[in-house]
Amino acid sequence: PQYLFRLSEMELLERERQAKERRIRDAGFPVIKTLDTFDFKAQPSVNQELVRGLMRGEYMDKKENVLLIGNSGTGKSHLATALAFQACCQGKAVRFFSTTGLVTQLLERREEKQLSKFHQKLARLDLMVLDELGYVPFSKAGAELLFECVSKAYERTSLIVTSNLPFENWAEIMGSERMTGALIDRLTHRVHILEANGESYRLAESKKRLKRNDRKS
Ligand code: ADP
Ligand code: MG
């Protein structure tokens, strides 16, 4: 019996491990990034304390959102992925979308008359990442479907949104001022805002590399 108990405990742990693996797989991360590879010194504009607080995951229980705003290459997607990965580890149901990828899927599902089924699936999530809002403008239908998605998530599913655009310019990609206002309203009702305003990490890295090569030659 002692032996049997130990065995089932091991089975339980194994099952938990498998469930976690499944949650990570289902989240659909394009690349996995974690916080331990994020160099806060390289991006001093990022509020480290806030990031570490968010890693605890309570924002999801309170259905709060996280917005990461800043120019390209400042680690927004990295941080969004690290937060979402941590959420998977904490037992949450997560989906990572590039915003344009999500809009494309919404348009396709609508075409196939599968939209409400897709929304039902999304409704089961604790956290949804909308990465890189702002690089590509949406069609009118695309913007409306995205707005619907954000509305449905409101106070039910936490959203992490990354964008290179300040709010003032969101209407340019959404097309409509009124819809953009309503979208920002829902997104920011309960929100943590992280700003990354430094130099691009990639650019800084390649500059360093160039300098090293210069010294060598
Ligand atoms: P953004 O989404 O803001 O455009 P990314 O998160 O895609 O930027 O970052 C670009 C690349 O640089 C990624 O490979 C990312 O892991 C890396 N990176 C960015 N900032 C940092 C940082 N502070 N520490 C470590 N790696 C970083
Ligand atoms: Mg990005």
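Counting starts at 1 for both ligands and their atoms, in listed order.
- With hydrogens left out, the protein atom closest to atom 10 (C) of ligand 1 is Arg202 NH1, 3.4 Å, a heavy atom.
- Shortest contact from atom 4 (O) of ligand 1 to any protein heavy atom: Gly73 N, 2.7 Å.
- Under the 4.5 Å side-chain contact rule for hydrophobic residues, Leu127 and Leu102 do not share a cluster.
- Protein heavy atom closest to atom 7 (O) of ligand 1, with residue, atom name and distance, is Ser77 CB, 3.9 Å.
- Nearest residue to atom 22 (C) of ligand 1 from Tyr135, Tyr201, Phe40 is Tyr201 (criterion: closest heavy atom).
- When the side chains of ILVMFWY residues are joined at heavy-atom separations under 4.5 Å, either directly or via intervening members, Ile69 and Leu54 end up in two distinct hydrophobic clusters.
- Using cut-offs of 30° and 60° for the angle between ring planes, the His78 and Phe38 rings count as perpendicular.
- Cluster note: Val136 groups with Tyr135 through ILVMFWY side-chain heavy atoms spaced under 4.5 Å, whether in direct contact or through intervening members.
- In this structure, Thr162 does not count as a contact residue of ligand 1, since none of its heavy atoms falls inside 4.0 Å of the ligand.
- Listed here is the closest heavy atom pair of Ser45 and Asn197: OG-N, 2.8 Å.
- In terms of protein heavy-atom proximity, atom 14 (O) of ligand 1 is closest to Lys33 NZ, 3.1 Å.
- With Gln43 contributing its side chain and Glu199 its backbone, the two residues share a donor-acceptor pair below 3.5 Å.
- Side-chain atoms of Ser77 and Asp131 form a donor-acceptor pair, as typed in the model, at a separation below 3.5 Å.
- Protein heavy atom in closest approach to atom 24 (N) of ligand 1: Asp39 N, 2.8 Å.
- The count of protein N, O or S atoms under 2.8 Å from the Mg ion (ligand 2) stands at 2, with waters excluded from the count.
- The protein non-hydrogen atom at the shortest distance from atom 8 (O) of ligand 1 is Gly75 N, 3.1 Å.
- Of the residues listed (Glu14, Glu16, Lys20), the one engaging Gln18 in a side-chain hydrogen bond (donor to acceptor under 3.5 Å, both in side chains) is Glu14, and it is the only one.
- Of all protein heavy atoms, the one lying nearest to atom 6 (O) of ligand 1 is His78 N, 2.8 Å.
- At a 4.0 Å heavy-atom cut-off, ligand 1 touches Thr37 through the backbone alone.
- In summary, the atoms of ligand 1 found under 4.0 Å from a heavy atom of Glu132, numbered by their order in the structure, are 2 (O).
- Salt-bridge annotation for Glu21 and Arg25: absent, with no side-chain N of the basic residue lying under 4.0 Å from a carboxylate O of the acidic one.
- Salt-bridge annotation for Lys208 and Glu205: present, with a side-chain N of the basic residue lying under 4.0 Å from a carboxylate O of the acidic one.
- When each of His189, Lys63, Arg190, Arg186 is checked for a side-chain hydrogen bond (donor to acceptor under 3.5 Å, both in side chains) with Tyr154, only His189 meets the rule.
- Comment: Asp61 engages Lys92 in a salt bridge, judged by a side-chain N to carboxylate O separation of less than 4.0 angstrom.
- The distance criterion of under 3.5 Å between nitrogen or oxygen atoms is not met by Gln43 with respect to ligand 1.
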